[in-house]
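Data block below; observations after.
Bear in mind that the values here come from a model prediction, so they are computed numbers and not experimental data.
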Amino acid sequence: MSAYLAMSWPTISKICTVAPLDVGASVIRYNRLQIDEWVASLPPKAIKNAALAAPTLLDLETEREERRSAALDRVRARASQHHHGRRPRLSDGGRNGQG
């Protein structure tokens with residue numbers, strides 16, 4: 001919800017008047033329509049400041065793709081290190097007297 005509103009969680013928890021829904025297992029959710037109605041009731045200055053700070057959908061998708069690519073690069077690097085760190089296997093199982 002923090003990203004959706006472009007506000008920090010401490011700020012939201014202090015000023016949001018929408019009650020969360022308890023869905024069990026220590027998980028809460030908010031009704032998006034109620035959140036949108038609450039945002040519409042805020043003074044224009046608060047909405048303008050939040051809109052200026054809000055990331056665009058393209059920004060969020062780009063960031064997600066960059067994180068995904070970085071994670072894949074780390075996995076590949078680890079796999080490469082493990083592969084190169086092992087002793088090569090002999091194709092004949094060491095039966096030729098050299099191993």
Requested in this report: Not counting sequence neighbours, which residues clear side chain to side chain donor-acceptor pair (under 3.5 Å) with Thr11? List them please.
Outcome: Ser8
Query - Counterpart residues, side chain to side chain donor-acceptor pair (under 3.5 Å), relative to Arg74 (two or more places apart) - result: none
Query raised in the report: Which heavy-atom pair separates Thr17 from Trp38 by the least distance, and what is that distance?
Result: OG1-CD1, 3.1 Å
Using the test salt bridge (Lys or Arg N to Asp or Glu O under 4.0 Å), find all partners of [X] that sit at least two apart in sequence or belong to another chain.
X	result
Arg64	none
Glu63	Arg67
Glu66	none

Query raised in the report: Judged by atom type as modelled, is there a donor-acceptor pair below 3.5 Å linking the side chain of Ser80 to the main-chain atoms of Arg76?
Result: no
Requested in this report: For side-chain contact (heavy atoms from CB on, under 4.5 Å), just list the numbers for Met7 and Ile15, CA-CA rounded to whole Å, side-chain angles, deciding distance to a tenth of an Å, and then say yes or no.
Outcome: CA-CA 11 Å; Met7 292 182 183; Ile15 66 171; 4.1 Å; yes
Scan the side chains in residues 20-36 for donor-acceptor partners under 3.5 Å anywhere in the protein, sequence neighbours excluded, and list what turns up.
{"residue": "Asp22", "atom": "OD1", "partner": "Gly24", "partner atom": "N", "Å": "2.9"}
{"residue": "Asn31", "atom": "OD1", "partner": "Leu33", "partner atom": "N", "Å": "2.8"}
{"residue": "Asn31", "atom": "OD1", "partner": "Gln34", "partner atom": "N", "Å": "3.1"}
{"residue": "Asp36", "atom": "OD1", "partner": "Tyr4", "partner atom": "OH", "Å": "2.5"}
{"residue": "Asp36", "atom": "OD2", "partner": "Tyr4", "partner atom": "OH", "Å": "3.3"}

